[in-house]
Amino acid sequence: MSETKQRRTYDPTDLEHRWQERWAESGLYKTDEDENKPKHYALTMLPYPSGDLHVGHWYPMTPSDTRARFMRMNGFRVFFPIGFDAFGLPAENAAIGRGIPPRDWTYSNIERMRGQLRQMGAMFDFDSEVVTCDPEYYRWNQWFFLKFFERGLAYRMEAPVDWCPKDNTTLAREQVVGPDKRCERCGTPVIKKNLPQWLFKITDYAEELLDFSKIDWPERVETLQRNWIGRSEGAEIRFEIEGYGPVEVFTTRPDTLFGATFFVMSPEHPAIEAITTPEQSEEVRAYVERAAKMSEIDRTDVTREKTGVFTGAYAINPANGEEIPVYIADYVLMGYGTGAIMAVPAHDERDFEFAKKYGIEIRTVIAPPDWNGEDLDEAYAGEGTMVNSNECDGTPSTEGKEKVTAWLEERGAGKATVTYRLHDWLISRQRFWGTPIPIIFCDECGIVPVPEEDLPVLLPEDTEFMPTGESPLKLDPGFYNTECPRCGGPATRETDTMDTFMDSSWYWYRYLSPHYDRGPFDPERGEKWLPVDQYTGGIEHAILHLLYARFFTKVMRDLGLVDFDEPMTRLRNQGNILGPDGQKMSKSRGNVVNPQEYVDRFGSDALRCFLMFIGPWNEGGPWDGKGIEGVSRWLRRALSLVTGGVSSGGEADPSELPRRTNRLVKKITDDLGAFRFNTAIAALMEHTNYLLAVRGREEWHEALRTFVTVLSPFAPHHAEEMWAAMGEDYSVHEQAWPGYEEALIQASEITLIVQVNGKLRDRIEAPADISEETAKELALSSARVRPHLEGKELRKSIYVPGRLVNLVVG
RNA sequence: GCGAGAGUGGUGGAAUGGUAGACACGCUAGAUUUAGGAUCUAGUGCCUCACGGCGUGCGGGUUCAAAUCCCGCCUCUCGCACCA
């Protein structure tokens with residue numbers, strides 16, 4: 001066969017289509033339910049149906065598939081489902097901008113993406129697909145909401161939300177864009193506005209969420225979650241404000257209490273109006289107003305000079321009875337602690353800056369080591385010895401924390417407490433394309449949950465969208481007018497829908513039984529498959545999605561739905577695949593790489609393998625499509641091992657065949673276990689080159705079988721084609737993963753490295769079991785080595801068995 | 001500012017105390033009696049005709065031996081950022 005002809009015969013697209021059809025016909029990827037095998041639930045994050053799969057989807061999914069296949073070949077029954085995270089803003093924007101109903105837009109995108117997913121050649125079990133905007137799915141979102149509500153985990157309160165004054169609507173977090181926080185649609189800077197909102201009490205689980213002992217997750221994700229939860233131990237201290245009453249502060253440094261020379265409240269603090277004296281009220285009101293108008297970005301700009309105003313009020317320091325002035329200042333945030341602080345300028349950088357500016361006393365109460373009694377040039381936040389603190393003088397500050405807290409507790413002026421940065425999860429969205437919150441407002445009965453049997457509360461079908469983006473549910477009497485389930489009187493429905501993170505907080509449970517109608521999932525199926533053994537997805541979900549997922553599972557445990565504490569035993573993150581410009585891939589930047597053109601030209605195996613080959617999977621990196629040609633060449637060469645056509649004149653030792661085959665199996669086994677896809681592919685390439693060079697030997701056919709078997713998780717179509725061409729029984733994907741013998745991997749011959757003073761001087765071929773003595777003799781007698789020893793004394797020699805001799809001379 | 005990670009050929013990367021640059025891309029030369037965005041062969045870190053020397057961000061250290069371990073610095077990326 002001529003080379004030209006061979007090139008024409010290599011048509012990866014045709015080959016892949018053939019096998020995809022065969023796989024579908026034969027049900028090859030139907031989930032194996034054989035309970036004699038250990039289970040493996042492999043989960044990859046479900047995509048948002050934006051319209052087309054891009055390489056940002058291929059990058060996490062195909063290596064996850066490779067690993068799922070590997071587990072299957074290792075004797076596990078593997079469940080590897082896929083679905084669509086189908087609620088969300090883009091669908092609504094399509095409706096507003098182009099008049100396409102969100103449902104139509106979403107389902108047509110899903111239809112297209114289903115085909116693209118199949119093209120990937122992954123072993124997804126498409127029978128268990130879940131689409132989160134199906135009433136069949138979101139009904140259970142509503143059910144969960146009701147369960148949360150019953151347990152007091154869902155509650156309604158006034159909460160500040162991002163509000164676009166032009167569109168006259170609130171915005172979801174992800175709709176607020178840019179460093180200066182503007183509305184995604186119209187570019188208007190957003191403001192904060194108080195609205196009644198539904199929240200989930202995730203803070204009840206803050207402490208438990210800090211415990212990662214039951215899961216094997218990347219250190220980085222744990223750290224991010226830990227920081228996000230932001231646990232701080234300290235004390236709540238009660239300061240009496242003259243003529244008003246007690247106001248509490250939170251501090252992590254009760255030991256500095258004697259140094260509190262002023263008191264600061266956030267401009268949003270509810271007590272401000274009551275404590276402000278008439279003389280100061282004008283100034284205070286102006287400051288509060290200015291703070292309210294200020295954009296979030298200005299407000300939280302760390303480099304801005306501290307500002308504040310005196311309220312005219314004084315607070316009494318419970319430690320020493322001193323009167324200290326009460327200020328309001330925007331560097332104190334209402335959203336953390338109690339919204340008020342005791343200011344200790346000597347030992348807090350921010351308080352120091354403020355005190356300097358307003359001429360407030362800076363009293364050192366923690367002596368730094370080697371302190372000479374002079375005033376501090378800057379705040380000292382470290383530990384030291386307590387001074388100027390009455391009976392506490394001389395106490396180390398580390399002990400002082402407890403001592404002061406205990407003292408306060410005795411007098412009812414404070415207590416030890418723990419504060420979290422984590423806030424309750426605000427789930428209300430003033431949006432259409434989401435799960436309706438199953439709540440009814442009745443003038444007589446108040447807030448009434450929709451009875452379980454009335455679920456789901458369906459989204460209306462024919463809806464008109466306002467160009468302003470305001471949720472049509474608010475303007476749809478057919479939707480919101482209803483009867484009170486309790487008293488039967490006229491009532492209105494909640495028109496807010498749920499945050500889409502709700503959908504992704506439990507979807508892997510639904511995969512188990514997507515049409516089950518007696519609960520969110522069939523407990524028998526859960527028994528068989530839960531929890532998820534291996535989750536894969538992007539690091540960008542380290543906090544929100546993955547924290548909510550853990551929270552949900554803990555609540556589900558408390559509801560008796562599951563009997564474990566963590567949703568996913570093991571998590572691994574891929575890095576981000578960036579655009580060719582090194583920037584994050586996004587439609588607006590125009591740097592999105594469409595996998596289709598690569599699939600059409602090189603086939604999906606080539607794209608899969610290329611994505612695994614470009615570098616460590618957890619690092620990601622910019623896309624450079626050129627290299628895919630090398631991978632494509634390799635696959636063609638691999639295929640030619642069976643079909644012929646590619647010749648190789650390279651020289652290789654055929655007797656190495658068993659050793660190299662064993663070594664390959666070990667390498668691929670180890671690499672796949674550790675998510676090192678890039679080095680696994682490199683080893684497969686190397687082995688292909690070797691097999692080509694020694695083609696046709698006695699043991700060759702058996703070695704080829706092994707090679708094709710270990711190739712199959714990476715390039716499933718090509719491996720299947722080769723398997724069939726070798727006359728083996730369908731399918732290679734049902735073969736057992738080959739084992740290897742450690743003993744066979746050892747080479748009989750080694751290259752002995754000879755160094756002189758650590759520098760490489762010669763390489764000598766020697767038997768692997770060479771003795772130290774012989775090795776040294778060989779080294780000393782080497783012609784390349786001798787010149788470097790001349791006139792010098794051999795002081796020492798190091799022998800590393802099977803590797804090297806280092807001669808130390810001087 | 002705080003926290004985490006990373007710096008290796010022209011490029012992606014490999015090597016986690018013992019042969020630096022595996023495997024690829026690209027490039028150079030040759031073969032395929034036409035062509036080449038095909039294929040095959042050989043070469044390809046830098047300097048040097050060669051012997052050899054130099055070389056993993058920079059500076060120091062530990063060691064017989066350092067990309068790898070330790071100390072200091074620089075640069076980049078990603079989080080968080082007035083959290084009391």
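FYI, side chains are in, hydrogens and waters are out, and symmetry mates aren't considered; it's all heavy atoms of this structure. Chain letters run A, B, ... following the sequence lines, proteins first, then strands; residues in each count from 1.
- The side chain of A/Arg761 contributes an N or O atom lying less than 4.0 Å from OP1 or OP2 of B/G53.
- In terms of position along RNA chain B, the nucleotide closest to A/Trp634 lies nearer the 5' end than the nucleotide closest to the other residue of the pair A/Ile798 and A/Trp634.
- Base pairing annotation: B/C54 forms a Watson-Crick or G-U wobble pair with B/G45, both donor-acceptor distances under 3.5 Å.
- A cation-pi geometry, defined here as NZ or CZ lying under 6.0 Å from the six-membered ring centre and within 45° of its normal, holds between A/Arg660 and A/Tyr690.
- Between B/G57 and B/U75, the two C1' atoms lie 7 Å apart (nearest whole Å).
- The side chain of A/Asn576 places no N or O atom within less than 4.0 Å of a non-bridging phosphate oxygen (OP1 or OP2) of B/C78.
- Nucleic acid contact for A/Val800: base, since at least one base atom lies under 4.0 Å from a heavy atom of the residue.
- Side-chain proximity of A/Arg803 to B/C64, B/U19, B/G52: nearest is B/U19.
- In this structure, B/G9 shows a glycosidic angle within 90 degrees of zero, which is the syn conformation.
- Between B/G13 and A/Thr679, no contact under 4.0 Å exists linking OP1 or OP2 to a side-chain N or O.
- Of the charged side-chain nitrogens involved, none lies within less than 4.0 Å of a carboxylate oxygen, so that A/Lys356 and A/Glu353 do not count as a salt-bridged pair.
- B/G21: no Watson-Crick or G-U partner with both key distances under 3.5 Å is found in any strand.
- B/A6 sits 14 Å from B/A15 when the P atoms are compared, rounded to a whole Å.
- The separation of B/U62 from B/G45, taken at their P atoms, amounts to 33 Å, rounded to a whole angstrom.
- Looking at the side chain of A/Phe613, the nearest of the listed nucleotides B/A24, B/A22, B/G52 is B/A24.
- Between A/Arg633 and the phosphate of B/G26, there is a side-chain N or O to OP1/OP2 separation shorter than 4.0 Å.
- A cation-pi arrangement, defined by a distance under 6.0 Å to the six-membered ring centre and an angle within 45 degrees of its axis, is present between A/Lys306 and A/Tyr331.
- Nucleic acid contact for A/Leu333: base, since at least one base atom lies under 4.0 Å from a heavy atom of the residue.
- Here B/A20 presents its C1' atom at 12 Å from CD of A/Gln755, a figure rounded to the nearest Å.
- Separating the C1' atom of B/G9 from that of B/G79 is a span of 32 Å, rounded to the nearest Å.
- If you check B/G37, B/C23, B/A84 against the side chain of A/Val332, the one that comes closest is B/A84.
- The phosphate of B/C54 has OP1 or OP2 within less than 4.0 Å of a side-chain N or O from A/Lys759.
- Remark: A/Asn678 is not in phosphate contact with B/A22, judged by side-chain N or O atoms under 4.0 Å from OP1 or OP2.
- A donor atom on one side chain and an acceptor atom on the other are not found under 3.5 Å apart for A/Gln746 and A/Arg659.
- At a threshold of 4.0 angstrom between heavy atoms, the contacts of A/Ile614 are confined to the sugar-phosphate backbone, with no base atom among them.
- Regarding A/Leu760, its CG atom lies at a distance of 13 Å from the P atom of B/C54, rounded to whole Å.
- Nearest to the side-chain atoms of A/Pro616 among the listed nucleotides B/A81, B/G18, B/G13 stands B/G13.
- A donor-acceptor pair shorter than 3.5 Å can be found between the side chains of A/Ser771 and A/Thr774.
- Spacing of P atoms, B/U68 relative to B/U16, comes out at 13 Å, to the nearest Å.
- Pair assignment for B/A66: none, as no Watson-Crick or G-U wobble contacts are both less than 3.5 Å.
- Rounding to whole angstrom units, CG of residue A/Asp624 and C1' of B/G13 are separated by 13 Å.
- Nucleic acid contact class of A/Glu353 (heavy atoms, under 4.0 Å, all strands): none.
- Shown here, B/U33 forms no base pair; nothing in the strands shown gives a Watson-Crick or G-U wobble contact with both key distances under 3.5 Å.
- The CZ atom of A/Arg304 sits 20 Å away from the P atom of B/G1 (whole-angstrom rounding).
- RNA chain B is contacted by both A/Arg763 and A/Pro622; A/Pro622 maps to the nucleotide lying nearer its 5′ end (nearest heavy atom per residue).
- Dashed line: the shortest gap from a side-chain N or O of A/Lys796 to OP1 or OP2 of B/C64 is under 4.0 Å.
- When distances run from any side-chain atom of A/Tyr331 to the nucleotides B/C82, B/A84, B/A14, the shortest one goes to B/C82.
- B/U75 is paired with B/A6 under the criterion used here, namely a Watson-Crick or G-U wobble arrangement in which both key atom distances are under 3.5 Å.
- For the residue pair A/Tyr420 and A/Ser232, no side-chain donor N or O sits within less than 3.5 Å of a side-chain acceptor on the partner.
- Across all strands shown, A/Arg220 has heavy atoms under 4.0 Å from sugar-phosphate atoms exclusively, and none from any base.
- Between the CD atom of A/Glu629 and the C1' atom of B/C27 there is a distance of 14 Å, given to the nearest Å.
- Per the geometry, CD belonging to A/Glu222 stands 16 Å off C1' belonging to B/G5, to the nearest Å.
- The separation of B/A35 from B/C47, taken at their P atoms, amounts to 33 Å, rounded to a whole angstrom.
- Checking B/C82, B/G3, B/A22 against the side-chain heavy atoms of A/Ala682 singles out B/A22 as nearest.
- Residue A/Arg637 places at least one side-chain N or O closer than 4.0 Å to OP1 or OP2 of B/C40.
- If you measure from atom OH of A/Tyr327 to atom C1' of B/A84, you get 18 Å, rounded to the nearest angstrom.
- Within 4.0 Å (heavy atoms only), A/Val344 reaches no atom of the nucleic acid at all.
- Protein atom CG of A/Asn806 is 5 Å distant from nucleotide atom C1' of B/C64, rounded to whole Å.
- Taking atom P on both nucleotides, B/G18 is separated from B/C69 by 11 Å, rounded to a whole Å.
- B/A84: no Watson-Crick or G-U partner with both key distances under 3.5 Å is found in any strand.
- Remark: the separation of the P atoms in B/G26 and B/G37 is 12 Å, to the nearest Å.
- A cation-pi contact, defined as under 6.0 Å to the ring centre and within 45° of the axis, links A/Arg421 to A/Trp228.
- Residues A/Arg304 and A/Asp330 are paired through a salt bridge, judged by an N-O separation under 4.0 Å between the basic side chain and the carboxylate.
- In summary, the side chains of A/Asn573 and A/Asn618 do not present any donor paired with an acceptor at a separation below 3.5 Å, with no hydrogens or angles considered.
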